[in-house]
Amino acid sequence: MENSRIVIDGTELTCADVARAARADVTVVMSPEGVRRAGAAWRTAREVAAERPVYGRTTGVGANREVDVEWEDTDAHGLRLLRSHAAGAGPLVAPEIVRAMLTVRLNQIAAGGSGVDPGVLAALADALNLGLLPPVPVYGAIGTGDLTALASTALCLLGERDWLPAPDGAPQRGPGFTLRSADALAFISSNAATLGEAALAVTDLRTLLAASTVVAALSLHAVHGSEEAYAPAVHEACPHPGQQEVATAMRTLLAFELPAPMRIQDPYGYRAFPQVHGPALEAGGYAEDVVTREINAAAENPLVDVAGHAVWHNGNFHTAYAGLALDSARAALFQTMALSAARLGTLSEPSFTGLYPFQGETEASSGIMILEYVAHSALADVRRLATPAALGSAVLSRGVEEHAGFSTQSARATTEALGAYRIALGCEVVAAVRALRTQGRPPAGGPLRAAYDLAAEALDPRVDDRPLDTDIAIAADLLPALARLLP
């Protein structure tokens with residue numbers, strides 16, 4: 001089956017592939033071409049290191065870059081490096097992020113720029129396929145290399161550290177591989193954990209943004225809104241691609257409805273939806289392009305150049321592109337999330353729905369009142385998380401590493417922001433579907449009717465005052481299915 005295996009070749013990994021490897025029951029398979037490419041780089045790195053100094057192979061690291069490793073000390077040097085750098089702290093990151101990290105590092109090594117012994121590829125693939133994970137604490141990286149995470153992985157391969165315990169608590173012995181001392185830095189000098197989390201985030205962002213359009217159309221129908229704001233002429237007059245994409249999708253979703261607007265024009269949550277949601281689509285698409293480019297790049301330092309029989313010391317380890325793209329995506333996400341919260345407000349108003357206030361069972365009932373509080377609580381978190389991680393910096397290692405983009409923190413913030421966005425969007429689904437069901441006005445047909453039917457079947461139809469926490473959770477879980485209905 002197409003979805004049962006992922007072939008890693010160093011050049012064609014997608015963010016969706018990373019998400020499947022991290023979350024689904026798939027088998028990871030190494031491409032012979034990727035193994036060949038990695039082997040050629042490994043041989044070249046050894047040959048060049050025999051002729052000239054190579055950072056981390058024949059020298060110390062960081063501020064110790066000028067210190068030559070004595071020949072008799074070379075075997076111990078790499079092991080010391082791994083032990084000293086496997087020092088992350090805090091709680092462990094989610095297992096899916098660790099699996100994403102292993103997938104990305106496999107692909108990076110197969111790209112042929114690291115010079116790591118290709119034998120490690122089979123060991124890492126085995127770990128993934130057996131469901132084994134190295135312990136990776138949350139604190140330890142700032143966007144210039146996930147050194148602590150990958151050093152911990154290396155110690156698992158060497159047998160000095162157990163893979164994460166099995167469900168019964170027993171320590172896990174898994175696939176091992178004796179990394180040569182010269183390969184130690186080459187193995188850990190990577191942003192695989194940051195990029196793995198970023199790949200998961202941009203995949204989820206694409207799904208949630210698609211679901212948002214479907215949910216906005218349900219809300220528009222529930223408040224007797226106008227389709228005029230999505231007319232082709234409007235968006236040809238201001239032809240931003242994302243804006244046009246949103247307007248086209250809204251017209252398609254609403255194509256089966258007979259326009260009966262109650263107002264000459266609607267609030268911004270509906271009227272400006274293409275202009276606000278469009279930038280989020282574009283920012284998310286750009287972020288996915290950047291992350292895809294990074295996970296297929298030989299972004300190594302030093303970079304092994306097989307064709308030129310050379311090793312280049314460089315700054316490709318710096319993930320400023322990814323961090324800035326994710327920062328931008330979170331800012332755009334906040335803007336479109338604010339419109340969702342605004343639409344939720346209209347769904348509580350009798351002048352918009354024709355129902356009792358808050359869609360209550362009686363005029364004095366609280367109904368869906370609490371949903372606004374929940375959504376704005378989530379929105380406040382996204383506002384906080386939208387602060388650009390790139391505004392930070394650091395001077396490290398005795399001043400020789402004098403900049404950091406904090407893309408690791410940007411990826412983590414994006415993951416957290418998406419969790420909050422999912423909750424707020426779930427609140428809007430509950431309110432829109434409840435309004436339509438109470439009005440007796442399901443959409444007439446097409447994908448919007450399919451979305452309504454899917455949600456209405458899953459959500460509790462009762463309108464008496466009761467806890468809505470389960471409704472929110474069910475609605476949030478429906479979002480991927482709603483996204484798939486987008487034309």
Side-chain angles (χ1 to χ4, degrees), residues 5-13 17-42 45 78 82 85-86 88 92-93 95-136 145-164 172-180 182-197 199-200 294-300 304:
R5 67 201 298 263
I6 296 173
V7 178
I8 303 291
D9 67 358
T11 63
E12 296 182 352
L13 189 67
D17 288 336
V18 175
R20 285 172 49 223
R23 296 166 171 165
D25 183 15
V26 298
T27 300
V28 171
V29 178
M30 289 307 306
S31 157
E33 178 61 20
V35 175
R36 184 206 63 75
R37 198 181 293 113
W42 176 60
L82 296 176
H85 281 59
L92 299 183
V93 302
E96 67 175 28
I97 295 174
V98 182
R99 290 183 59 82
M101 174 191 77
L102 296 178
T103 304
V104 170
R105 194 60 186 136
L106 271 174
N107 200 62
Q108 290 174 327
I109 294 171
S114 70
V116 174
D117 189 331
V120 78
L121 293 171
L124 289 178
D126 284 347
L128 271 171
N129 292 331
L130 292 170
L132 302 178
L133 302 174
V136 176
D146 295 312
L147 303 175
T148 60
L150 289 162
S152 180
T153 305
L155 291 184
C156 288
L157 290 170
L158 290 168
E160 289 204 3
R161 176 169 286 182
D162 288 328
W163 301 87
L164 284 180
Q172 286 279 60
R173 292 291 176 180
F177 185 79
T178 304
L179 278 168
R180 299 170 192 267
D183 289 339
L185 177 73
F187 181 77
I188 68 174
S189 183
S190 155
N191 289 287
T194 297
L195 293 173
E197 181 165 10
L200 297 178
E294 290 271 3
I295 64 177
N296 288 290
E300 312 284 347
V304 179

For residues 148-157, run the donor-acceptor check on the side chains, cut-off 3.5 Å, and write out each pair with its distance to 0.1 Å, sequence neighbours left out.
residue: Ser152; atom: OG; partner: Pro135; partner atom: O; Å: 2.7
residue: Ser152; atom: OG; partner: Arg161; partner atom: NH1; Å: 3.0
residue: Thr153; atom: OG1; partner: Ala149; partner atom: O; Å: 2.9

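- Residues passing the side-chain contact (heavy atoms from CB on, under 4.5 Å) test with Ala111 are Ala298, sequence neighbours excluded.
- Taking both residues in full, the closest heavy atoms of Glu12 and Asn296 are given as N-OD1, 3.0 Å, listed atom of the first, atom of the second, then distance.
- Note that CG of Leu124 and CE of Met101 are 8.5 Å apart. Values are rounded to the nearest 0.5 Å.
- Judged as a salt bridge (charged side-chain N to carboxylate O under 4.0 Å, His left out), the pairs with a partner in residues 183-197 (not counting sequence neighbours) are, in order, Arg57-Asp183.
- Heavy atoms only, all atoms of each residue included: Ala127 and Pro175 are closest at N-CG, 3.6 Å.
- Heavy atoms only, all atoms of each residue included: Ser114 and Ala186 are closest at O-CB, 3.4 Å.
- The closest side-chain heavy-atom distance from Leu102 to Pro134 is below 4.5 Å.
- Note: Arg5 CZ to Asn129 CG = 10.5 Å, rounded to the nearest 0.5 Å.
- Listed by chain and number, the residues in a side-chain contact (heavy atoms from CB on, under 4.5 Å) with Thr11 are Asp9, Arg37 (sequence neighbours excluded).
- Across every non-hydrogen atom of Arg105 and Ser189, the tightest pair is NH2-O, 4.1 Å.
- Going from atom CD of Glu294 over to atom CD of Gln108 covers 8.5 Å, rounded to the nearest 0.5 Å.
- Under the salt bridge (charged side-chain N to carboxylate O under 4.0 Å, His left out) criterion, Arg23 pairs with Glu96, Asp204, not counting sequence neighbours.
- Using a 4.5 Å cut-off on side-chain heavy atoms (C-beta onward), Val120 and Trp42 make no contact.
- The distance from the CG atom of Leu106 to the CG atom of Leu128 is 6.0 Å, given to the nearest 0.5 Å.
- In this structure, the separation between CD1 on Ile6 and OG1 on Thr27 is 9.0 Å, given to the nearest 0.5 Å.
- Side-chain contact between Phe177 and Asp117 is present, with heavy atoms from C-beta onward closer than 4.5 Å.
- The two residues Val28 and Ala21 make their nearest non-hydrogen contact at CG2-CB, 4.5 Å.
- How far CD1 of Ile8 is from CD1 of Ile109: 11.0 Å, rounded to the nearest 0.5 Å.
- In terms of heavy atoms, Gly196 sits closest to Val18 at O-CG1, 4.2 Å.
- With contacts defined as side-chain heavy-atom distances shorter than 4.5 Å, the pair Asn191/Val104 does not qualify.
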For this session: Would you sort out whether Asp17 and Asn107 count as a side-chain contact (heavy atoms from CB on, under 4.5 Å), showing the intermediate values?
Result: CA-CA 11 Å; Asp17 288 336; Asn107 200 62; over 6 Å; no
Problem set entry | From CA spacing to verdict: side-chain contact (heavy atoms from CB on, under 4.5 Å), Val116, Leu179 | CA-CA 8 Å; Val116 174; Leu179 278 168; 4.2 Å; yes
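- Residues in residues 145-156 take part in no salt bridge (charged side-chain N to carboxylate O under 4.0 Å, His left out) pair, two or more places apart or across chains.
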